[in-house]
Amino acid sequence: MNKLNQFILETLGSGNTRIGYFQIAAGGGVTLLQTPAFLIHTLSGSIPHVTSEVADMVFNLGSQAIQISIDTTYTFHENVKPSGYTISKFVGFPKIPSFLTIHNPLRELLPGFNDRSGISVWTRMGRRTLDISKFIQIVNDFQPTFFQVLSDYDVSVSSSVKRIRKSTSRNLEYLNEVIQKIDSSARSAFGTIEVSWFLVSPFDAEIALTHMLEKQHDFNGFILNGVKTSGKINPINISNIIAKLPENKPRFTPGEFKLWEIMDLVRSGVDLFDSSVVTRVSEEGQVFSLQLEKLNHSKATATPVLPSNESIPAKSNQINGDFSSDNENFSAAQLVLNLREKQYFGDFSPISTTCNCYTCRKYTRAYLHHLLCTSELLGPVLLMMHNLDQFEKFFQAVRQRLPDEQKFAELYEYLKSSDATQLPISVIGNTSTEVKNDDSPVRRNAARITNQKLSTIEGD
């Protein structure tokens with residue numbers, strides 16, 4: 001295990017809840033990542049629609065880490081090694097820790113393609129078989145800060161016991177080879193536990209977990225994979241699995257979760273998530289308007305944020321009420337907004353009057369609606385900036401409320417009752433729906449132009 005990348009557990013709350021932080025060596029410095037936390041989801045190593053320069057100006061990247069998947073970077077791993085760069089530096093985040101996973105969490109994986117030769121990954125060139133030797137080559141070429149050990153993921157509640165046994169035995173073989181062949185002094189491995197093992201054959205799952213725990217000193221943490229498939233949480237008590245894991249090892253659960261589902265997993269003892277739900281929401285033209293200040297009873301003192309690049313008419317918000325009514329009469333439906341809807345055509349208020357992100361300070365709902373309806377490239381950029389900011393504030397609220405069970409429960413009920421991350425049924429779990437990779441020359445050039453336009457925010 002890499003001694004430079006340590007997980008320090010600060011507080012154990014009620015049940016399995018916990019607060020801690022990662023002390024991570026990356027880019028010649030040390031990053032402190034407070035947990036529960038999220039990894040910034042990327043496609044081909046890029047934050048969708050947002051360049052590294054813009055992200056660095058808008059967000060505090062010094063306390064963040066990025067998630068990079070092998071399936072979206074499979075085509076260029078051989079170009080990274082000759083450069084002598086780590087994958088973080090190669091994709092424009094030289095000082096940011098990276099976590100290399102096998103799959104893009106937004107992709108619905110197809111069953112029936114894994115065999116004894118390896119697992120299947122779906123790249124831009126189609127399906128490819130990833131065996132252990134190729135996997136080790138990719139890890140050595142990319143030099144990520146952390147990485148997920150190869151896993152036979154093709155298991156579900158409908159799998160046979162025979163299929164489960166193949167998956168558990170292969171995962172143990174992959175883990176043993178990784179421990180033997182990858183230099184852990186520079187990189188840290190996370191062993192993968194497939195949740196479906198426990199659904200189908202608890203006996204074989206326990207045997208596999210016991211073998212993993214015997215080697216726990218050789219890897220850095222655990223990944224609980226398959227917690228949510230096809231848009232549904234698997235019917236298993238995650239807390240029972242996590243209770244068997246050592247307290248000093250972090251737990252990462254990848255996937256696209258609703259905010260209240262994330263809080264459920266935090267209650268169960270999960271430390272790390274990814275921001276793939278932010279990518280999905282932004283691609284659908286939706287924005288979070290969480291207004292977490294409402295829970296702090298701050299409506300009497302809150303100062304509405306108005307876009308500063310234009311004058312707001314006194315009756316500009318007639319469709320949704322004026323600013324005062326928006327602050328005082330909170331509606332659950334307003335926690336997530338679909339800015340493609342016609343009702344925002346003449347809405348000259350910001351996304352949220354209590355949000356101080358760049359998008360809310362500079363632009364109105366009406367302008368964002370216009371950008372989305374005309375397919376302007378600036379639209380997804382501004383939505384992504386806002387949604388990432390809201391997602392970060394959500395995790396800050398979770399960490400602040402975690403020591404107090406009553407306040408934590410209050411936030412949980414606030415979000416669950418409004419279902420703030422509800423997406424269209426046709427989107428969740430639809431294998432034909434793919435989030436577009438933001439890596440074409442046209443989109444990259446547009447992002448650079450956007451970066452130039454937003455360069456003035458440093459002085460704001």
Side-chain angles (χ1 to χ4, degrees), residues 13-19 35-41 67 101 103-109 156-157 193-196 198-199 222-243 250-284 286-290 292 295 332-333 335-336 387-388 390-402 405 407-425 427-430 433 435:
S14 60
N16 291 326
T17 60
R18 43 206 253 144
I19 298 176
T35 62
F38 69 93
L39 310 174
I40 299 178
H41 172 248
Q67 174 267 333
T101 60
H103 304 283
N104 172 14
L106 289 178
R107 179 181 286 277
E108 191 73 24
L109 301 177
S156 68
V157 67
I193 299 171
E194 297 292 340
V195 170
S196 293
F198 293 86
L199 287 169
F222 295 89
I223 290 182
L224 295 166
N225 205 36
V227 173
K228 188 174 186 178
T229 54
S230 299
K232 297 179 180 179
I233 297 288
N234 277 317
I236 189 170
N237 190 338
I238 303 298
S239 299
N240 291 340
I241 301 176
I242 291 179
R251 302 89 178 244
F252 172 36
T253 301
E256 180 186 353
F257 297 100
K258 300 175 183 179
L259 301 191
W260 61 268
E261 290 173 341
I262 290 175
M263 295 188 70
D264 267 335
L265 291 169
V266 167
R267 269 198 180 116
S268 299
V270 177
D271 304 296
L272 292 173
F273 303 86
D274 62 60
S275 67
S276 55
V277 65
V278 174
T279 302
R280 177 75 79 187
V281 166
S282 302
E283 287 287 336
E284 293 300 312
Q286 298 177 354
V287 289
F288 293 124
S289 182
L290 303 182
L292 297 174
L295 293 181
L335 284 179
V336 60
N387 285 331
L388 274 175
Q390 290 278 286
F391 203 57
E392 183 176 17
K393 289 174 180 175
F394 161 69
F395 271 89
Q396 289 173 356
V398 169
R399 289 192 296 268
Q400 290 169 0
R401 291 171 174 270
L402 204 51
E405 175 59 29
K407 290 185 177 180
F408 187 83
E410 183 183 30
L411 176 60
Y412 176 81
E413 292 301 328
Y414 172 79
L415 295 173
K416 187 174 183 179
S417 63
S418 57
D419 208 5
T421 52
Q422 182 66 50
L423 296 175
I425 296 176
V427 174
I428 292 185
N430 187 345
T433 302
V435 174

How about Phe395 and Phe391: are their ring centres within less than 6.0 Å of each other?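 Ring-ring flag for Phe395/Phe391: true, centres closer than 6.0 Å.
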Is Glu261 paired with Lys416 through a side-chain N to carboxylate O contact shorter than 4.0 Å?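 So Lys416 does not pair with Glu261 through a salt bridge.
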Sidechain N-carboxylate O distance under 4.0 Å for Glu256, Arg107: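 A salt bridge is absent here (no side-chain N lies under 4.0 Å from a carboxylate O).
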Is it the case that the side chain of [X] and the backbone of [Y] share a donor-acceptor pair, with hydrogens and angles ignored and the cut-off at 3.5 Å?
| X | Y | answer |
| --- | --- | --- |
| Gln390 | Leu290 | yes |
| Asn234 | Gly226 | yes |
| Ser276 | His41 | no |
| Asp271 | Thr35 | no |

Do Tyr412 and Arg267 pass the side chain to side chain contact (heavy atoms under 4.5 Å, CB included) test, and can you show the C-alpha distance, the side-chain angles, and the key distance before you say yes or no? CA-CA 10 Å; Tyr412 176 81; Arg267 269 198 180 116; 3.7 Å; yes
Do [X] and [Y] have side-chain heavy atoms sitting under 4.5 Å apart?
| X | Y | result |
| --- | --- | --- |
| Thr253 | Leu272 | no |
| Ile242 | Leu224 | yes |
| Phe394 | Met263 | yes |
| Leu265 | Phe257 | yes |

Assess the side chains of Glu194 and Asn225: does a donor N or O sit below 3.5 Å from an acceptor N or O?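 Yes, because at least one side-chain N or O of Glu194 sits under 3.5 Å from a partner of the opposite role on Asn225.
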